[in-house]
2 protein chains.
Amino acid sequence: MQQKIIPDIVIGRLPLYYRALQRMSSKGHTVTSSQELADTLGISAAQIRKDLSQFGEFGKQGTGYNVEYLADQLKKILKIDHVWDMVIVGAGDVGSALARYQGFQDRSLRVKMIFDSDPLKIGKELGNFIVKDISTLIDEIKKEGIKIAIIAVPENEAQEVTDTLIKAGIKAILNYAPIHIAVPPEIRLQCIDPALHLQRMTYYL
Amino acid sequence: MQQKIIPDIVIGRLPLYYRALQRMSSKGHTVTSSQELADTLGISAAQIRKDLSQFGEFGKQGTGYNVEYLADQLKKILKIDHVWDMVIVGAGDVGSALARYQGFQDRSLRVKMIFDSDPLKIGKELGNFIVKDISTLIDEIKKEGIKIAIIAVPENEAQEVTDTLIKAGIKAILNYAPIHIAVPPEIRLQCIDPALHLQRMTYYL
DNA sequence: TAGATTGTTAATCGATTAACAATC
DNA sequence: TAGATTGTTAATCGATTAACAATC
């Protein structure tokens with residue numbers, strides 16, 4: 001049985017929908033519509049309905065969507081109906097901010113360990129963690145079976161760290177180093193580089 | 001004279017090209033080709049040539065592109081041939097990490113001031129800055145004529161801060177609060193939400 | 001010159017939107 | 001029932017790719 005391939009651009013919008021639904025839920029809203037979601041997200045209602053319809057029928061004509069139900073379905077689709085443990089590599093400013101970040105709670109994500117190569121940082125307390133020696137990275141990740149990593153090391157170390165993470169069994173990487181890193185096709189990769197976002201806007205100023 | 005409208009998706013790739021060229025330049029490479037750029041960026045060579053051709057002819061047949069020259073042209077196109085001052089709003093972990101971030105140097109971006117509303121934070125040192133009172137935000141931004149802001153406040157304050165920034169004359173916003181904020185169409189907006197990127201990858205795990 | 005690579009066109013591919021029957 | 005809103009189809013729109021003449 002051939003599974004339908006969903007465009008990645010659709011997958012990329014689902015977390016956006018989920019975030020909006022979580023917010024509606026926390027405000028006590030019980031039902032919504034593609035139009036209301038469209039208004040709060042700046043996406044067209046038709047697109048939202050089309051995206052959702054790739055996965056099933058979650059709404060009722062005339063009524064719209066039940067917020068809790070749709071959020072629950074999206075959780076299952078995105079596989080965030082359970083918590084994912086993550087490791088952070090790099091305990092500099094960015095890694096430290098991420099280790100203490102409150103925004104992963106309630107979103108099925110949890111930092112489990114943080115690593116650095118700097119002897120001055122190893123063993124130090126950081127948020128609820130003790131910074132671990134990067135030389136133990138492969139063993140620790142394998143032991144816990146962790147699949148997601150966040151890279152927050154200087155750009156000249158990013159590729160080497162990436163290769164090590166993949167050896168350890170990491171399947172998804174969020175890269176904060178401002179450099180393009182190469183990964184095999186089966187590894188998921190997302191990048192965050194604030195300067196890139198900012199330079200995209202200066203064009204219009 | 002009607003100026004050609006360049007698709008935003010093309011503008012979004014230019015900083016990527018610029019980043020790669022800066023890196024080549026720092027490694028001492030003097031010439032490159034659309035194919036080499038394609039290989040280092042994971043974008044097709046045809047697309048890179050097409051994107052660049054929207055703005056002029058920067059290469060030579062048979063030879064490729066002069067790294068310095070192309071980087072220079074991109075700087076002008078993106079308007080990053082001069083440094084842009086920015087303000088950060090929110091001196092929590094994220095704002096602090098951004099205030100100390102070294103990655104803005106050499107990329108024509110500079111943090112100029114950081115604001116918070118918490119009396120415990122106002123007046124404190126943070127990197128090279130003294131955290132300013134958010135109530136002075138409009139005056140300070142207007143005085144300096146700053147156009148770019150980074151929002152790093154809790155999600156329940158993000159929209160209010162946004163509205164204030166726009167009143168102060170801010171034209172481009174990078175939002176770290178995990179919420180969709182509304183802005184008028186003439187204001188540029190980019191958002192960074194690590195959980196969104198991570199939830200986009202769990203689908204595939 | 002021969003080989004390489006650009007800039008550009010036309011073809012392809014994919015994503016978005018508009019519209020509406022179905023139905024709650 | 002009447003009004004509202006879904007799920008889906010077909011049409012439109014836009015982006016990517018392949019290919020090649022031009023030319024360094």
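Here is the naming used below: chain letters follow the sequence lines, and residue numbers restart at 1 for every chain.
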Enquirer: Determine the minimum heavy-atom distance between A:Ala97 and B:Ala97, stating which atoms define it.
Expert: CB-CB, 4.0 Å

Enquirer: Check every atom of C:dT17, C:dA19, D:dC20 against the side chain of A:Lys50 and return the nucleotide holding the closest atom.
Expert: C:dT17

Enquirer: Considering only side-chain heavy atoms of B:Pro7, which listed nucleotide, D:dT5, D:dA15, C:dA15, is closest?
Expert: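 Among D:dT5, D:dA15, C:dA15, the one nearest the side chain of B:Pro7 is D:dA15.
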
Enquirer: Just N and O in the side chain of A:Ser44: are any of them under 4.0 Å from OP1 or OP2 of C:dT17?
Expert: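 Yes, because at least one side-chain N or O of A:Ser44 sits under 4.0 Å from OP1 or OP2 of C:dT17.
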
Enquirer: State which of C:dC24, C:dG7, C:dT17 makes the closest approach to the side chain of A:Gln47.
Expert: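 My answer, after comparing the listed nucleotides, is C:dT17.
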
Enquirer: In plain terms, say whether A:Asp8 and B:Arg200 are close enough for a salt bridge, that is, a side-chain N and a carboxylate O under 4.0 Å apart.
Expert: yes

Enquirer: On DNA chain C, nearest-nucleotide positions of B:Ser34 versus A:Gly62: which is more 5'?
Expert: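 Checking each residue's closest nucleotide, the 5'-ward one belongs to B:Ser34.
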
Enquirer: Given the rule that a pair is Watson-Crick or G-U wobble with both distances under 3.5 Å, how would you write DNA chain D in dot-bracket, using | for pairs to a different strand?
Expert: ..||||||||||||||||||||||

Enquirer: Grab the CG-P distance between A:Asp39 and D:dT5 for me, whole Å please.
Expert: 11 Å

Enquirer: Looking at D:dT16, C:dT23, C:dG7, which one has an atom nearest to any side-chain atom of B:Arg13?
Expert: D:dT16

Enquirer: Atom CD1 of B:Ile11 and atom P of D:dA15: how far apart are they, to the nearest Å?
Expert: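 In whole Å, D:dA15 P and B:Ile11 CD1 are 12 Å from each other.
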
Enquirer: Measure from CD on B:Glu36 to P on C:dA4 and round the result to the nearest Å.
Expert: 15 Å

Enquirer: State whether a side-chain donor-acceptor pair under 3.5 Å links B:Tyr17 with B:Asp51.
Expert: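 A donor-acceptor contact under 3.5 Å links the two side chains.
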
Enquirer: Between C:dA22, D:dT16, C:dC20, spot the one nearest the side chain of A:Arg49, thanks.
Expert: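 Of C:dA22, D:dT16, C:dC20, C:dC20 is nearest to the side chain of A:Arg49.
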
Enquirer: How about B:Tyr176 and B:Asp193: does a side-chain donor come under 3.5 Å of a side-chain acceptor?
Expert: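 Distance-only check fails for B:Tyr176 and B:Asp193.
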
Enquirer: Take the protein atom NZ of A:Lys60 and the nucleotide atom C1' of C:dC24, then report the distance between them rounded to whole Å.
Expert: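 After rounding, the gap between these two atoms is 8 Å.
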
Enquirer: Taking only the side-chain heavy atoms of A:Ser33 (C-beta and beyond), determine which of D:dA15, D:dT5, C:dT16 contains the nearest atom.
Expert: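 The closest nucleotide is D:dT5.
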
Enquirer: To the side chain of B:Glu57, which of C:dG7, C:dC20, C:dA15 is closest?
Expert: C:dG7

Enquirer: Starting from P on C:dT6, measure out to OH on B:Tyr69 and report it in whole angstrom.
Expert: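 Distance check: B:Tyr69 OH to C:dT6 P gives 15 Å.
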
Enquirer: Could you check whether the rings of A:His82 and A:Trp84 sit parallel, tilted or perpendicular, using 30° and 60° as the cut-offs?
Expert: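 Judged by the thresholds at 30° and 60°, the geometry between A:His82 and A:Trp84 is tilted.
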
Enquirer: Please pick, from C:dA18, D:dA18, C:dT5, the nucleotide with the shortest atom-to-atom distance to any side-chain atom of B:Ala46.
Expert: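 Nearest to the side chain of B:Ala46 among the choices is D:dA18.
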
Enquirer: Does a donor on one side chain and an acceptor on the other come within less than 3.5 Å for A:Glu68 and A:Ser25?
Expert: yes

Enquirer: Under 3.5 Å, side chain of B:His180 to main-chain N/O of A:Thr40, donor-acceptor pair present?
Expert: yes

Enquirer: Would you mind reading off the distance between A:Asp51 atom CG and C:dG14 atom P, rounded to a whole angstrom?
Expert: 17 Å

Enquirer: In this structure, how many angstroms lie between the P atom of D:dG14 and the CD1 atom of B:Ile9, rounded?
Expert: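 One finds 12 Å between P of D:dG14 and CD1 of B:Ile9, rounded.
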
Enquirer: Under 3.5 Å, side chain of B:Asp133 to main-chain N/O of B:Leu137, donor-acceptor pair present?
Expert: no

Enquirer: Could you give the CG-to-P distance, from A:Leu52 to C:dA15, as a whole number of Å?
Expert: 16 Å

Enquirer: Would you say a side-chain N or O of A:Tyr65 is under 4.0 Å from OP1 or OP2 of D:dG7?
Expert: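 It does, given that an N or O in the side chain of A:Tyr65 lies less than 4.0 Å from OP1 or OP2 of D:dG7.
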
